Amino acid sequence: MQLKNVIDMPCGLRFMLDELQLQSGYARRFLLDSHMMTSSEQLRVSYEVLKQFSAFVNSIDKSRLNTLLFRLQGVKDINTTINNLSRKAVLDDIELFEIKHLAILAGEVKKIMQEYNLNQVIEIPELNNVIDILDPDGLKIASFYIYDSYCEELKQLRSDMRKNPDQQEQLLIEATELEDSVRASLSEKLYPFVENLSQALISLALIDINVAKALQISSMALSFPNVAATGECRYQAMFNPQVKASLEKQGREFQPVNIDFGSSPSLITGANMGGKTVVLKTLALCQMLFQFGFGIPASSATIVPCDEIFFCIGDEQSIEKGLSSFAAEMKKIDAVIKASRTDNIILALIDEPARTTNPTEGTALVQALLKVINGNNVRLVMTTHYDIEPGKAHCLRVKGLVNGLMDYSLVEVHDGDVPHEALNIAQSLNIDSEWLNEARRLLGDGSSCEESKPNNVTI
């Protein structure tokens, strides 16, 4: 699975990509084309590299860092040119310029990497020979021209053209033929460096990506995860950067959440507006960030890599396929069940399944889902507003209203009962008191809104 295929998952992943300070469009495309890492060893290596870049951006002089960032802005996608060279095609002046520009740029970035002992972390191949071929006068200028020094005969022809304007047309034809032969000769000389040029382009993109990720870790207070092959996923002070940024604009704070979950299903209950969906979105975001090698929005995290990630949330109605919300949701959850019967390691995050059907059947469907999806290869975290028997599920509940204020922390409970706080929350939002009092009367609750009005709830 490539990053570009999941970037619009409704969990805040695009926000994280948009906030990434990538310097080149090529690096962004390279990142979007990258595949999700599923191997624990591959992830450990990736994070070891990122840790070294994090130390680098936190120690480098700001002006030197800006120099590096400016150099990285010059990276262009010249894969077409490199592919042409690999086919032994004769390159034109623009393509020869692109090769020369890449070689000079790679040398400049390589020098900075060597200063900070990072060249062995992401190695940039040596391209001095390429520069020598395309810069015979040693000017070190990232432009290209068929220099006189390439060919004495060409040099003489150009001189004759200046001295004999009446013979210019014939001399120009001869000069053009010589220039073509020079291009062919240069292309032939460059051919042995095809692999080095290709690797240099990749290395520059990886440096850009790792520097951007490291800067994001610093600016957003992200953490490096512990990579676990098996066991529980654990998050301390987990937060959603997009939601946090939105709240800060309103002068409010995001309340971080602690959560652990493993191979036993985890069931999260709580009142509406209790933050259950945000927890699922943040878990989906963290897993995606982890498996693409980003910093994690938590004070600490231990995460198990998965082969497949399923995120079932919200209105799954599909107009194109002619499916109702309920039908689309059932199809998506059915895919989770089928995947759970394979050998793949699965993470399934399901938000209030069967919410759009009647409570009796909805409760039965949720109860049955907990029983069906239960195995060592599946990590299931599910929210619900139904009262159910949790069986072997690990039950968590949003703490809820405490002294009139909403506490979004998760507490462990031993049943699947959903707290009845909807009326109190509605009351805190200044909803019509006659409506709420009538609802309380129907529930047999003698209290009225005027008698027990809580303080404002921060939602």
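Since we're looking at a predicted model, the values are computed, not measured.
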TODO: List for me each residue that meets side chain to side chain contact (heavy atoms under 4.5 Å, CB included) alongside S185, sequence neighbours excluded, and say none if there are none.
DONE: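 Partners of S185 under the side chain to side chain contact (heavy atoms under 4.5 Å, CB included) test: K189.
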- [ ] Kindly give the heavy-atom pair with the smallest separation between A348 and V336, and that separation in Å.
- [x]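 So the two residues come closest at CB-CG1, 3.6 Å.
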Tell me, please, which residues at least two apart from [X] pass ring-ring contact (aromatic ring centres under 6.0 Å, His included).
X    : result
Y26  : none
H101 : F97
F193 : none

Taking side-chain hydrogen bond (donor to acceptor under 3.5 Å, both in side chains) as the definition, give me every residue that meets it alongside [X], ordered by chain and number, with sequence neighbours left out.
X    : answer
K4   : D33
T282 : N240
Q42  : none
K100 : Y147

Just by distance, do the side chain of [X] and the backbone of [Y] share a donor-acceptor pair under 3.5 Å?
X    : Y    : value
D208 : S24  : yes
Y47  : F294 : yes
E329 : A354 : yes
T67  : S63  : yes
N119 : E123 : no

- [ ] For the pair Q291 and Q287, evaluate side chain to side chain donor-acceptor pair (under 3.5 Å) and give the outcome as yes or no after the intermediate values.
- [x] CA-CA 6 Å; Q291 298 204 222; Q287 192 73 34; 2.8 Å; yes
Scan for salt bridge (charged side-chain N to carboxylate O under 4.0 Å, His left out) pairs involving [range], sequence neighbours excluded, and state none if there are none.
range            : value
residues 63-72   : R64-E115, R71-E108
residues 210-231 : none
residues 233-243 : E232-R234, R234-D260

Quick one: does [X]'s side chain get under 4.5 Å of [Y]'s, heavy atoms only?
X    : Y    : answer
E352 : M382 : no
L13  : L3   : yes
L96  : L190 : yes
N58  : S218 : yes

Task: Residue pair N84 / E95, side-chain donor-acceptor N/O under 3.5 Å - done: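 The answer is yes; a qualifying pair exists.
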Open item on the list: For the residue pair T81 / E98, report whether a side-chain donor-acceptor contact shorter than 3.5 Å exists.
Closed with: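 Looking only at side-chain atoms, T81 and E98 do form a donor-acceptor pair, the distance falling under 3.5 Å.
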Open item on the list: Could you check whether R183 pairs with D180 (Lys NZ or Arg NE/NH1/NH2 to Asp/Glu carboxylate O, under 4.0 Å)?
Closed with: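 Result for this pair is yes, salt bridge flagged.
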Task: Pairs satisfying ring-ring contact (aromatic ring centres under 6.0 Å, His included), at least one member in residues 207-243, at least two apart - done: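 Output for this query is empty, none listed.
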Task: Within 45° cone and under 6.0 Å: K88 NZ/CZ vs Y191 ring - done: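 Yes.
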